[in-house]
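To keep things clear, I will list the structure first and then write my remarks on it.
Convention: sequence-line order gives letters A, B, ...; per-chain numbering from 1.
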Amino acid sequence: MSAQSATIAVNRFGLGAQPGELAAAGADARGWLRGQLHAAPLLDAALPNSGSILASADGMRRELRALRQSAAAAANPNTADASANLNANAAPFMRLRQYLRSQYVADALARLQSAAQTPRPFAERLVHFWSNHFAVSVDKLAVLGVAGSFEREAIRPHVLSNFRDLLLAVEQHPAMLLYLDNQQSVGPHSKQAERAATRGRTLGLNENLARETLELHTLGVDAGYTQGDVTNFAKVLTGWSIGLRGPLQPGTPGEFIFRPQLHEPGAQSVFGRRYADDGLAQGVAVLSDLATAPATAQHLATKLVRHFIADDPPAAAAAVTRVARAFERSRGDLPSVYQALIDCPEAWDDTPQKFKTPQDYLFSIYRGLKLPVEGEGALAPFEQLGQRQFAPGSPAGWPDRSADWDGASALMKRIEFSHAVAQRSGDALNAAELAPQLLGASLTEATRSAIERAASAAQGLTLLLVAPEFIRR
Amino acid sequence: MIASLNRRQLLKLGAAVGGAALVSRFSFAAPASGDARLVFVILRGALDGLSAVPPYADPHYANLREALAIGAPGSGGVLALDGQFGLHPSLSFLHEAYGARELLVLHAVATPYRERSHFDGQDVLESGHSLPHASDSGWLNRALNGLPTRAKESGVALGQNVPLVLRGPASIASWSPAVLPQLDEDTLQRITDRYATDPVLGARLAEALATDQIAAESQAVPMQTVASAMAPPQRPSRYLETVRTAANFLKRDDGPSVAVFDTLGWDTHFNEGGAQGQLAQRLGVLDQALRAFKDALGDTWSHTAVLLATEFGRTAAANGTRGTDHGTASAAFLLGGAVAGGRVLADWPGLGPKDLYQGRDLKATLDLRSVQKSVLRDHLKVAPQRLDEQVFPGSGAAPYLDGLLRA
């Protein structure tokens with residue numbers, strides 16, 4: 001019984017076993033999970049913060065803009081030599097891109113390192129869950145350099161606090177403001193818009209952040225809010241922006257700033273409540289109410305249960321109810337919510353319920369084989385298996401059901417990767433000894449005997465890594 | 001010896017080396033009655049139909065669009081269609097296809113979804129139901145289910161995984177370019193044996209092997225490629241490889257009749273651009289890929305129809321940040337040698353303040369299901385009763401459109 005619980009704790013709630021981890025979790029699997037929630041799972045790595053990354057990038061962009069302007073001024077307007085113009089821009093643009101990419105790589109490697117080696121894999125899974133819930137995606141160049149620092153600064157410090165704190169940290173983080181285009185959203189009656197109008201320019205709202213906050217981050221799409229709520233909330237959020245460099249600019253470059261001159265004046269009604277215009281505090285008040293709304297509790301509980309327990313209700317309906325109730329009762333205290341998740345009897349059903357995502361499949365191989373994280377090449381398999389780090393491609397984040405990941409071509413990519421890893425390992429690892437340490441009570445006779453009969457150590461290792469009980473959790 | 005064979009060679013050897021289970025699952029079923037091919041291209045993110053197909057003659061268009069507006073035909077303007085609408089200047093291949101009467105442009109078209117969530121909108125676009133999250137299967141799969149097919153897999157998803165539109169009872173392959181060294185036959189056989197008792201993994205592995213075989217036989221897989229599942233439109237070279245391989249699947253007598261491409265990157269909230277800019281660049285890459293697809297299909301193009309559609313359109317007016325927010329109706333395209341093209345099909349609602357849906361979006365005057373059902377009826381020969389009841393449940397009020405395809 002305790003062997004089964006340990007297997008479930010380590011695989012379903014964790015990131016897959018490191019050798020020895022099942023034994024460590026063995027005596028009291030629930031206690032082992034609870035014990036991981038004592039302190040925020042910060043990243044043990046010396047990496048620059050978003051403010052300094054964005055400030056450096058901003059400097060490079062200015063340089064690029066200046067070059068463009070001087071190239072345009074120098075070019076003969078009659079011939080409009082486009083290729084000369086392009087050449088003048090290419091090098092500084094490449095430098096900017098390279099700089100942002102190097103930040104991305106450093107962060108993605110640090111994240112992989114942490115997933116591969118952390119003794120608190122449940123806490124790490126929670127980081128990944130919230131990072132995906134509040135997704136930003138590096139296929140938008142503006143966030144390439146700061147997707148990793150977003151996770152370090154907005155997610156990690158708050159996964160064990162109150163949901164409201166997490167939500168506020170996220171919606172004020174420069175990466176989210178850039179990803180969902182809020183930094184230039186302007187109230188139609190704000191000072192800035194009125195000034196621009198005198199010069200014949202129209203400035204106005206961008207409702208992207210407001211809509212996705214309601215739909216994805218808090219209430220959920222079926223909560224009953226209207227287009228009017230979205231527009232009003234977008235007005236509330238005008239002025240939530242990012243500091244720029246320059247003598248006349250307030251705030252710290254690259255960090256969150258509230259710009260009153262962009263803010264739409266007046267009270268706004270959002271989702272049935274009226275909010276007086278208190279500047280920045282107006283948005284904080286709306287987010288605080290959204291954070292504790294019953295629809296938010298239901299939405300988050302559904303996603304947590306889907307992520308950790310099973311794809312869909314009704315199998316998990318009781319678990320959703322339990323977790324949502326814990327959220328409401330504790331007014332969004334996240335450790336209480338996680339405790340309710342651990343307490344769900346459905347979570348301890350020993351039939352594997354979930355197909356590992358490519359990311360979690362790779363993390364579990366790194367852990368199980370104690371693979372070292374060596375250089376940028378370590379990131380390639382994430383792309384090859386279909387889940388490039390920090391690149392879900394949409395604000396909804398990566399999907400979280402088996403049908404999203406169990407395609408034929410996707411399975412073949414896993415098999416080929418496992419094979420490549422096993423070939424590299426040669427006879428350094430003994431799959432027959434490793435299998436019970438990684439799979440514990442879930443190891444089937446079919447897998448055990450397939451490994452035993454393997455023609456080589458490498459083939460045995462391949463068979464372990466592609467076993468149904470290693471691919472699922 | 002065996003270890004040095006690649007998968008293609010070993011599959012040809014098949015039973016001779018004891019790998020009977022590895023032999024193609026494309027089981028060379030009796031040929032279908034027709035040889036129609038259908039491709040569905042999903043434009044995820046809400047394509048701005050008013051930029052892809054600008055209604056430049058509408059008196060309100062230029063004012064609403066401000067910097068995003070694209071002018072009348074001429075330098076930097078739209079590519080002329082019918083005097084009222086034009087194509088975005090990046091869509092040169094589509095414009096040629098229009099001239100060759102192989103492109104039908106549909107405008108003011110929308111699914112039955114009337115909210116503004118991408119993800120629910122895409123769910124409706126793919127499931128074929130009128131409400132989101134009504135089904136775990138997609139309209140294209142249900143349409144294929146029960147049709148006579150050339151191959152056991154009647155459809156192929158170009159990507160590692162199968163999108164909702166192709167999920168369901170009919171067997172579907174997925175394909176993405178090879179990125180890692182292939183396995184030796186012995187290991188593959190042992191994995192096949194291990195998966196024999198696992199219905200999902202066993203079926204997926206067999207599908208993957210069969211699909212790889214077809215790709216290999218079609219000489220479609222450059223071994224050095226480093227592509228991910230489905231490249232977003234801003235990465236042209238990977239995109240081209242995928243469409244060429246898709247063409248090779250569709251060309252085969254024993255291949256699938258249906259393919260689905262997924263494209264991302266149409267969510268243009270900020271700095272969308274007009275005749276040039278972000279959207280222009282993405283449209284250009286899509287246009288190039290479609291041209292490459294036609295070229296690679298060869299003669300098969302003549303009996304192919306490609307439907308391109310998005311989950312919804314964008315606001316009629318530019319927003320405050322030189323982009324557009326989520327809207328309602330958009331444009332769609334029906335392209336191919338099988339299409340009775342050279343026309344714009346639009347019951348134009350107008351862009352005046354009172355014409356707009358909820359005062360902000362292009363109003364939908366054409367139900368996308370009318371287009372989908374008519375193509376399935378006339379091209380794949382799906383019975384109307386099945387279309388109305390199973391493929392697009394509750395779509396009885398969306399009438400069929402005659403003559404979308406060449407007779």
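If you measure heavy-atom distances from Glu115(B) to chain A, you find no contacts under 4.5 Å at all. Within the 4.5 angstrom heavy-atom criterion, no atom of Ala458(A) approaches chain B. For a residue to count as touching a neighbouring chain, one of its non-hydrogen atoms must lie under 4.5 Å from one of that chain's; by this rule Ile471(A) touches chain B with the side chain only. For chain B, the nearby parts of Val466(A) are the backbone and the side chain; heavy atoms of each come within less than 4.5 Å. For chain B, the nearby part of Leu411(A) is the side chain; its heavy atoms alone come within less than 4.5 Å. Looking at Thr447(A), the atoms closer than 4.5 Å to chain B (heavy atoms on both sides) sit in the backbone and in the side chain alike. With a 4.5 Å cut-off on non-hydrogen atoms, Glu215(A) touches chain B through its side chain but not through its backbone.
With hydrogens and angles disregarded, a donor-acceptor distance shorter than 3.5 Å links the side chain of Glu311(B) to the backbone of Gly45(B).
Between the side chains of Glu416(A) and Gln384(A), no donor-acceptor pair is found at a separation under 3.5 Å. Under 3.5 Å, the side chains of Tyr225(A) and Thr218(A) contain no donor-acceptor pair of N or O atoms. In this model, no donor atom of one side chain and acceptor atom of the other lie less than 3.5 Å apart for Gln353(A) and Asp311(A). For the 3.5 Å distance criterion, the side chains of His269(B) and Asn319(B) fail to qualify, holding no donor opposite an acceptor. A donor-acceptor contact under 3.5 angstrom links the side chains of His118(B) and His326(B), judged on distance only.
Annotation: maximal heavy-atom pairing with chain B below 4.5 Å, among Asp404(A), Leu203(A), Thr202(A), occurs at Asp404(A). Taking Arg322(B), Gln358(B), Arg360(B) one by one and counting their heavy-atom pairs under 4.5 Å with chain A, the maximum is reached by Arg360(B). Options Gln423(A), Glu212(A), Arg401(A) differ in how many heavy-atom pairs under 4.5 Å they form with chain B, and the most are formed by Glu212(A). Ranked by heavy-atom pairs under 4.5 Å with chain B, the first of Ser456(A), Gly393(A), Ala455(A), Pro399(A) is Ala455(A). When Ala454(A), Ala380(A), Ala408(A) are compared by the number of non-hydrogen pairs under 4.5 Å with chain B, Ala408(A) comes out ahead. Options Thr321(B), Thr324(B), Val200(B) differ in how many heavy-atom pairs under 4.5 Å they form with chain A, and the most are formed by Thr321(B). Interface remark: of the candidates Ser449(A), Pro381(A), Ala467(A), Ala403(A), Ala403(A) forms the most heavy-atom pairs closer than 4.5 Å to chain B. When the candidates Val162(B), Leu164(B), Ile191(B) are compared by the number of heavy-atom contacts under 4.5 Å with chain A, Ile191(B) comes out ahead. Listed options Gln184(A), Arg453(A), Arg211(A) were ranked by heavy-atom pairs under 4.5 angstrom with chain B; first place goes to Arg211(A). Each of Pro132(B), Pro163(B), Ser174(B) has some count of heavy-atom pairs under 4.5 Å with chain A, and the biggest count is that of Ser174(B).
Ion pairing of Asp361(B) with Arg116(B) is present here, as a side-chain N (NZ or NE/NH1/NH2) and a carboxylate O approach within less than 4.0 Å.
Ser137(B) and Gly168(B) make their closest contact through CB-CA, 3.7 Å (heavy atoms, listed as atom of the first residue, atom of the second, distance).
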Decide yes or no on side-chain contact (heavy atoms from CB on, under 4.5 Å) for Thr238(A) and Leu205(A), but give the supporting numbers first. CA-CA 8 Å; Thr238(A) 48; Leu205(A) 295 176; 3.5 Å; yes
Using the side-chain contact (heavy atoms from CB on, under 4.5 Å) rule, take Leu177(A) and Trp240(A) through it: C-alpha gap first, then chi angles, then the decisive distance, then the call. CA-CA 8 Å; Leu177(A) 296 170; Trp240(A) 289 43; 4.1 Å; yes
With salt bridge (charged side-chain N to carboxylate O under 4.0 Å, His left out) as the criterion, how do Glu469(A) and Arg194(B) come out once you've worked through the C-alpha distance, each side chain's angles and the decisive distance to 0.1 Å? CA-CA 11 Å; Glu469(A) 59 266 44; Arg194(B) 176 63 192 89; 3.2 Å; yes
